[in-house]
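We count ligands from 1, going down the list as the structure has it; atoms in each ligand are counted the same way.
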Amino acid sequence: MKVSPSLLSANFANLTPDIEMLNNSEADYLHLDVMDGVFVPNISFGFPVLKAVSKICEKPLDVHLMIIEPEKWISQVRDLGAEYMNVHQEACLHLHSTVSRIHDAGMKAAVTLNPSTPVSLLSDIITDVDMVLLMSVNPGFGGQKFIANTLKKVRELRQLIAESGSQALIEIDGGVNAQTGKQLAEVGADILVAGSYVFGASNPEERINLLKNL
Ligand code: DX5
Ligand code: ZN
């Protein structure tokens, strides 16, 4: 299992020790949650913070944009050196165009679905994306309860990927812990995002290792 700890639950008053912990950990990515107060009912951090974090983070960046019109920010995300640019299907009027532009900028393209958005909406774009991120909580806040219907969606997505010959990875975000992580591993998730489960622990590296070994 690959693990992408979310900075949203780190210590915003002093991010450096948390990022150094991640650099020395077995984490595969750093997940960065950008919120605009419009697409989601919360505001997190923007490009000045992302830029400072990208300078000291040695893990590949997985940037999750919970914002309207994410296509306006492609070059800024590229300038961070991000590996994945994650855009919400619900926030893109012209999703195919946005995915193509993310690729043209040299990044991997990920499309995120809210809990109420059906997997079938991606059937005509699944071979064009590098990753699908299924939200297992309503986006906007860390520390929420895992929505069990996500397990059904992972199975459906696994099937869509297999039938289409797509290479897309399946990432899950929200309410991930040892228990839900195990269930997600069983239905075929590839990458788990974890915020409070990792940063809320006295030994975050142990939690990362636990998820990695699922
Ligand atoms: C929520 C964010 C998540 C969040 C997950 O909108 O997209 O990445 O950090 O937090 P936990 O793991 O605490 O549910
Ligand atoms: Zn996220």
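- The protein atom (non-hydrogen) at minimum distance from atom 6 (O) of ligand 1 is G140 N, 2.7 Å.
- Look at F141 and you'll find a heavy atom under 4.0 Å from some atom of ligand 1.
- Relative orientation of the H88 and H64 rings is parallel, given thresholds of 30° and 60° on the angle between their planes.
- If you number the atoms of ligand 1 from 1 as listed, the ones under 4.0 Å from a heavy atom of L8 come out as 4 (C), 9 (O).
- Geometrically, ligand 1 and G142 share no nitrogen or oxygen pair separated by less than 3.5 Å.
- Between S97 and E71, the closest side-chain pair of non-hydrogen atoms is not below 4.5 Å.
- Counting only N and O atoms by type, the side chains of H103 and D130 include a donor and acceptor under 3.5 Å apart.
- Counting the atoms of ligand 1 from 1 in the order shown, those under 4.0 Å from a heavy atom of H31 are 8 (O).
- Contact detail for V40 and P139: the closest heavy-atom pair is CG1-O, 3.5 Å.
- Classification of the W73-F47 ring pair by plane angle, with boundaries at 30° and 60°, yields parallel.
- Within the set D173, N42, V176, the minimum heavy-atom distance to atom 8 (O) of ligand 1 is found for D173.
- Here is the list of ligand 1 atoms found below 4.0 Å of a heavy atom in H64: 7 (O).
- Taking only nitrogen or oxygen atoms, main chain and side chain alike, P139 does not reach within less than 3.5 Å of ligand 1.
- If you look at S196 next to ligand 1, the close heavy atoms, those under 4.0 Å, come from the backbone and the side chain alike.
- Between S9 and ligand 1, not a single N/O pair is under 3.5 Å apart.
- Not a single N or O atom of N138, backbone or side chain, sits closer than 3.5 Å to an N or O atom of ligand 1.
- Note: an N/O pair closer than 3.5 Å links G143 and ligand 1 by distance alone.
- Of all atoms in ligand 1, listed by their number and element, those nearer than 4.0 Å to a heavy atom of A194 are 12 (O).
- Side-chain contact, S4 with D62: a donor N or O sits under 3.5 Å from an acceptor N or O.
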